[in-house]
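Report on the following structure.
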Amino acid sequence: MRIRDLIPAVFLNLLICGAIHAQEQKLSERLTIQIDAKEKGKIFCDIGHATFIAPVGWNPHPSGKNTYVILTPENENTETLTKLISIDIGLTTTKTARETAEAFAKTWQGKLAEEPLKLNGEEAFRVLATADPDKVQPVDSIVIFHGGRAFLLMGGAKKKDAPSEALNEIVRTWKWK
């Protein structure tokens with residue numbers, strides 16, 4: 001199933017939840033959302049391993065395989081998509097998150113940010129790369145290991161307008177379960 005096919009169902013769920021009260025909506029086996037009835041636009045996301053608040057103006061969509069959620073700007077659709085954030089979870093393939101981040105930096109012809117950051121108190125590594133005007137590709141991503149798994153919070157864009165602010169909001173609200 002493609003994101004385009006899921007968008008109307010997600011918006012309907014969001015509309016119903018917001019109109020009634022803060023009700024939990026299970027969008028997939030790995031993504032549950034809850035809309036805050038008191039604060040318009042606030043969407044709590046639960047991906048099983050962690051929770052976070054979707055950045056204002058961004059909508060969460062279920063996905064498959066290692067991608068637990070894809071967030072897209074509410075004013076874009078699949079035909080006009082210029083940026084997105086995906087959260088992927090998988091088994092670790094290197095000894096450290098830093099090694100994985102360095103490998104992504106090399107693959108994406110990017111670089112590792114000078115300083116690690118903290119994701120709910122744990123060390124994470126940011127990978128920065130240059131946008132391609134023709135396709136959405138990783139430009140600002142965060143790699144962290146937790147509980148024997150690798151987590152990749154990947155911000156993609158096809159213009160210079162990287163989703164860094166939205167990615168930072170996810171980092172600020174991230175809580176391990």
Note to self: side chain to side chain contact (heavy atoms under 4.5 Å, CB included), that's the test. Do Val171 and Phe52 meet it? Break it down for me.
What the structure shows: CA-CA 8 Å; Val171 169; Phe52 63 92; over 6 Å; no

Notebook entry, point to check: Hey, does the side chain of Thr173 reach the backbone of Ile53 with a donor-acceptor pair shorter than 3.5 angstrom?
Noted result: yes

Item checked: Closest heavy-atom pair and its distance - Trp174, Ile47 -> CH2-CD1, 3.7 Å

Check: For the hydrophobic clusters of this structure (ILVMFWY residues joined by side-chain heavy atoms under 4.5 Å, transitively), does one cluster hold both Leu117 and Ile170?
Finding: yes

Next item on the list: To the nearest 0.5 Å, tell me how far Lys158 NZ sits from Lys135 NZ.
Entry: 11.5 Å

Margin query: Do Ser164 and Leu128 have side chains that approach each other closer than 4.5 Å (heavy atoms only, starting at C-beta)?
Written below: no

Next item on the list: Kindly assign one of parallel, tilted or perpendicular to the pair Trp176 and Phe151, based on the angle between their ring planes and the thresholds 30° and 60°.
Entry: perpendicular

Notebook entry, point to check: Does some side-chain heavy atom of Ile35 sit less than 4.5 Å from a side-chain heavy atom of Lys42?
Noted result: no

Notebook entry, point to check: Salt-bridged, Lys118 to Glu122, with N to O below 4.0 Å?
Noted result: no

Margin query: Tell me whether Lys177 at atom NZ has more than 12 heavy atoms from other residues, nucleotides or ligands lying less than 6.0 Å away.
Written below: yes

Next item on the list: Consider only side-chain N and O atoms of Ser86 and Thr67, and report whether a donor and an acceptor are under 3.5 Å apart.
Entry: no

Item checked: Step-by-step side chain to side chain contact (heavy atoms under 4.5 Å, CB included) determination, Met154 to Trp108 -> CA-CA 12 Å; Met154 184 168 40; Trp108 298 333; 3.9 Å; yes

Notebook entry, point to check: Roughly how far apart are Lys111 NZ and Glu102 CD, rounded to 0.5 Å?
Noted result: 14.5 Å

Item checked: Within one Ile-Leu-Val-Met-Phe-Trp-Tyr cluster: Phe104 and Ile142, side-chain cutoff 4.5 Å -> no

Item checked: Gap between atom CH2 of Trp58 and atom CD1 of Ile85 - 0.5 Å precision -> 4.5 Å

Notebook entry, point to check: Just by distance, do the side chain of Gln137 and the backbone of Thr130 share a donor-acceptor pair under 3.5 Å?
Noted result: yes

Next item on the list: List the atom of Val139, the atom of Ala162, and the distance in Å for their closest heavy-atom pair.
Entry: CG2-CB, 3.6 Å

Next item on the list: Identify the residue among Val69, Thr32, Ile87, Ile33 that makes a side-chain contact (heavy atoms from CB on, under 4.5 Å) with Cys45.
Entry: Ile33

Check: Is any NZ, NE, NH1 or NH2 atom of the basic residue among Arg126 and Asp140 found under 4.0 Å from an Asp or Glu carboxylate oxygen of the other?
Finding: yes

Next item on the list: Go through the side-chain N and O atoms of Thr51 and Asp46 and say whether any donor and acceptor fall under 3.5 Å apart.
Entry: no

Notebook entry, point to check: Looking only at heavy atoms, which two atoms of Gly155 and Leu167 are closest? And how far apart?
Noted result: N-CD2, 4.4 Å

Checklist line | Heavy-atom pair of closest approach, residues Glu169 and Arg172 | finding: OE1-NH2, 2.8 Å

Notebook entry, point to check: What pair of heavy atoms forms the shortest contact from Asp134 to Asp132, and how long is it?
Noted result: N-OD1, 2.8 Å

Check: Taking Ile43 as the fixed residue, which of Val56, Asn59, Asp36 is the one that meets the side-chain contact (heavy atoms from CB on, under 4.5 Å) rule?
Finding: Asn59

Check: How about Glu76 and Thr82: does a side-chain donor come under 3.5 Å of a side-chain acceptor?
Finding: yes

Next item on the list: Determine, using the 4.5 Å side-chain heavy-atom cutoff (strictly less than), whether Leu112 and Ile144 are members of one ILVMFWY cluster.
Entry: no

Checklist line | Heavy-atom side-chain contact between Leu84 and Leu71 under 4.5 Å | finding: no

Checklist line | Note, Thr94 side chain near Phe145 side chain (heavy atom, < 4.5 Å) | finding: yes

Notebook entry, point to check: So, does Ser141 use its side chain to make a donor-acceptor pair with the main chain of Pro138 at under 3.5 Å?
Noted result: no

Note to self: Given 3.5 Å as the limit, does a donor-acceptor pair link the side chain of Arg30 with the main chain of Pro62, or not?
What the structure shows: no

Note to self: Is the shortest side-chain heavy-atom distance between Glu165 and Pro55 below 4.5 Å?
What the structure shows: no

Notebook entry, point to check: Is it true that Tyr68 and Leu153 fall in one hydrophobic cluster, defined by side-chain heavy atoms closer than 4.5 Å?
Noted result: yes

Next item on the list: To the nearest 0.5 angstrom, please state how far the CD atom of Gln25 sits from the CZ atom of Phe44.
Entry: 15.0 Å

Next item on the list: Tell me, with the steps shown, if Ile89 and His49 meet side chain to side chain contact (heavy atoms under 4.5 Å, CB included).
Entry: CA-CA 9 Å; Ile89 304 170; His49 302 279; 3.5 Å; yes

Check: Between atom CG of Leu119 and atom NZ of Lys175, what is the distance when rounded to the nearest 0.5 Å?
Finding: 9.5 Å

